[in-house]
Amino acid sequence: MPFFETSVQEIKYKVLKKVAELAYADALNPENTMGIAEEIIPEGRPTMRCCIYKERAIINQRVSAAIGGGGHSRRAVRVLPIACDECPIEGIQVTHSCRGCIAHYCMNACPKGAISIVNLRATIDKSKCVECGQCLSACSYSAIVRVVRPCVEACKTRAIEIDPDTHKARINEDNCVSCGACVYRCPFGAITDESYLPEIIRLIRESDENRRYHVYAIIAPSIATQYPRLSVGRMVTALTKLGFYFVAEAAEGADLTAWEEAGELAEKGFLTSSCCPAFVSFVEQEFPNLKNYVSHTLSPMAAIARRLKEKDPGAHVVFIGPCIAKKSEAMNTRAGEYVDYTMTFEEMQAMFGARSIDPDACEEAKLKSVSPYGRGFARCGGLADAVREALAEQNISEETFTLDPAIGDGLAECKKLLTITRSGKLRQNFIEGMACKNGCVGGPACLTHNPRALLQLDRHKSQATGSIRGTVQEDAKA
């Protein structure tokens with residue numbers, strides 16, 4: 001059994017693994033999927049919910065998401081209503097830390113008279129409270145806190161709403177950017193990403209071992225952070241055992257993106273990055289007057305997929321990474337011209353389990369030459385470093401153009417930078433926007449969010465010996 005960061009991840013793995021097994025056997029039909037819940041949750045005492053029947057009902061909803069193929073909505077994220085705990089405690093609350101002081105700072109600070117002293121302790125009348133928060137800062141003991149649902153707190157685009165009748169979470173698709181923060185942060189696993197896993201396996205199966213057409217995989221550079229003691233070369237071999245014809249690094253596409261973006265930036269004088277689909281969606285939705293500043297360059301995923309299909313026109317391409325927003329990118333943007341499907345590291349691990357493949361037992365594959373800057377796209381600030389290098393390799397001197405980047409580490413920081421830009425007060429000339437903290441290594445569908453991830457990525461970067469120019473000039477090899 002592989003390592004799991006949380007029990008939610010383990011449940012998700014079990015469902016995806018079973019769906020993958022049925023898909024490989026071409027037996028993914030209602031009769032067989034109906035039995036998955038009973039297999040995962042056998043008779044006996046419940047371990048997570050009130051009863052095994054609720055646990056099984058949640059599994060059934062997870063199965064539905066796993067075989068949904070992204071067709072449930074234009075976004076890649078959905079709520080599992082039965083799994084939502086309704087989080088009854090929310091808003092400003094008085095905790096047990098209240099000392100019953102006689103100064104009554106909190107009561108005196110409340111502009112609505114919502115706080116009274118009952119049995120020597122502060123009490124909040126919710127019918128009067130307007131959640132202004134003045135009592136929080138007034139309390140000397142920090143005994144008053146604001147409790148926010150984890151999914152609501154995680155969502156920086158206000159896409160998570162609470163149904164007033166059921167008190168369950170729901171997603172406002174007009175605000176959602178598919179960043180997946182709510183998927184990762186919900187402690188009950190009540191929000192999940194839809195899966196293309198059955199379609200990907202069908203694509204591999206019907207290729208007749210890549211004789212009818214070739215199925216390529218593209219791996220994100222953050223894969224180097226997912227298995228601390230496992231080389232990327234062994235992961236490549238494991239993926240070929242799943243049935244992929246060839247495994248390319250998205251870092252190769254990152255080199256292509258950096259090269260084009262550097263030229264575009266030098267020409268236009270100001271840009272925002274285009275490699276993070278959640279960030280691009282955020283700009284389009286929240287700052288529509290700035291969307292013309294978003295680079296026209298393809299994301300690394302789409303750039304290398306385009307190169308692969310130019311060399312092998314009948315090929316199919318699957319991207320594998322830590323990002324849920326990539327599913328929406330392939331569904332809703334021009335990237336869909338080049339990328340057939342996307343899947344996460346979690347889904348990849350389920351495929352390994354379904355085929356009983358142990359990457360640690362695989363032979364080392366030789367990786368194609370890419371630049372360390374391309375692999376560095378996986379961390380926040382890596383894109384700006386690559387653009388700076390690409391400017392230098394294109395002999396664009398500082399007299400002609402000087403890069404001055406602003407780094408948006410997470411959507412909250414991105415919002416600040418875009419707000420300053422909209423006001424005309426941003427001094428920098430390039431915004432690198434990353435929806436996830438630390439960049440792709442902090443993606444919601446990572447197998448692990450190891451604090452040593454950046455060190456592991458640096459080690460992977462140090463093994464790259466190519467240049468951005470070299471990647472641009474080299475033809476892709478099948």
Side-chain angles (χ1 to χ4, degrees), residues 4-16 18 36-68 72-73 75-97 124 126-127 129 131 136 144-173 175-195 324 344 346 411 436 443-447 449:
F4 297 105
E5 197 171 49
T6 69
S7 296
V8 170
Q9 202 175 51
E10 182 176 0
I11 295 167
K12 190 174 184 179
Y13 168 81
K14 290 178 179 179
V15 171
L16 289 170
K18 187 59 185 177
I36 293 178
E38 286 75 10
E39 184 174 335
I40 294 176
I41 309 293
E43 291 292 340
R45 296 174 61 86
T47 59
M48 295 168 286
R49 301 289 184 146
C50 59
C51 64
I52 63 170
Y53 305 107
K54 184 169 184 176
E55 292 181 353
R56 288 175 178 175
I58 294 171
I59 294 297
N60 284 331
Q61 287 193 344
R62 284 200 165 276
V63 171
S64 175
I67 63 177
H72 185 74
S73 67
R75 298 303 182 192
V77 179
R78 71 155 85 172
V79 174
L80 307 177
I82 298 177
C84 182
D85 190 56
E86 304 170 28
C87 296
I89 301 176
E90 190 171 36
I92 294 178
Q93 308 283 335
V94 178
T95 71
H96 292 296
S97 299
I124 298 176
K126 286 296 184 179
S127 67
C129 179
E131 303 281 333
L136 276 73
I144 305 177
V145 298
R146 190 190 303 274
V147 181
V148 183
R149 287 192 182 199
C151 57
V152 173
E153 185 176 31
C155 182
K156 305 307 179 185
T157 65
R158 307 177 307 281
I160 300 292
E161 300 175 347
I162 307 304
D163 188 294
D165 297 321
T166 66
H167 304 293
K168 293 182 181 294
R170 65 186 183 191
I171 297 174
N172 182 336
E173 291 194 7
N175 292 346
C176 180
V177 297
S178 299
C179 67
C182 57
V183 176
Y184 176 60
R185 296 306 304 174
C186 177
F188 284 90
I191 310 177
T192 192
D193 51 310
E194 294 191 343
S195 178
I324 291 172
T344 64
E346 292 174 327
L411 279 183
C436 298
C446 283
L447 300 171
H449 294 80

Heavy-atom distance under 4.5 Å between the side chains of [X] and [Y], does that happen here?
X: I11; Y: I59; value: yes
X: V177; Y: K156; value: no
X: T192; Y: R78; value: yes
X: E153; Y: R185; value: no
X: I191; Y: I160; value: yes
X: K126; Y: Q93; value: yes

Would you call [X] and [Y] a salt bridge, using N to O less than 4.0 angstrom?
X: R146; Y: E131; value: yes
X: E161; Y: R170; value: yes
X: E43; Y: R56; value: yes

* **R49 CZ: over 12 foreign heavy atoms closer than 6.0 Å** =>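 It does: R49 CZ has more than 12 such atoms within range.
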Could you pull out the closest heavy-atom pair between [X] and [Y], with the gap in Å?
X: S195; Y: L16; answer: OG-CD2, 4.2 Å
X: C179; Y: P444; answer: O-CG, 3.3 Å
X: K12; Y: R62; answer: CG-NH1, 4.0 Å
X: I324; Y: G180; answer: CD1-CA, 3.9 Å
X: E346; Y: A445; answer: CG-O, 3.6 Å
X: N60; Y: A37; answer: OD1-CB, 3.5 Å

Which value, rounded to the nearest 0.5 Å, describes the distance between [X] atom [atom1] and [Y] atom [atom2]?
X: I82; Y: Q61; atom1: CD1; atom2: CD; result: 4.0 Å
X: F188; Y: I58; atom1: CZ; atom2: CD1; result: 9.5 Å
X: C84; Y: I162; atom1: SG; atom2: CD1; result: 6.5 Å
X: H449; Y: E5; atom1: NE2; atom2: CD; result: 5.5 Å

* Asked: Taking E55 for the side chain and I40 for the main chain, is one N or O donor matched with an acceptor at less than 3.5 Å?
  -> no
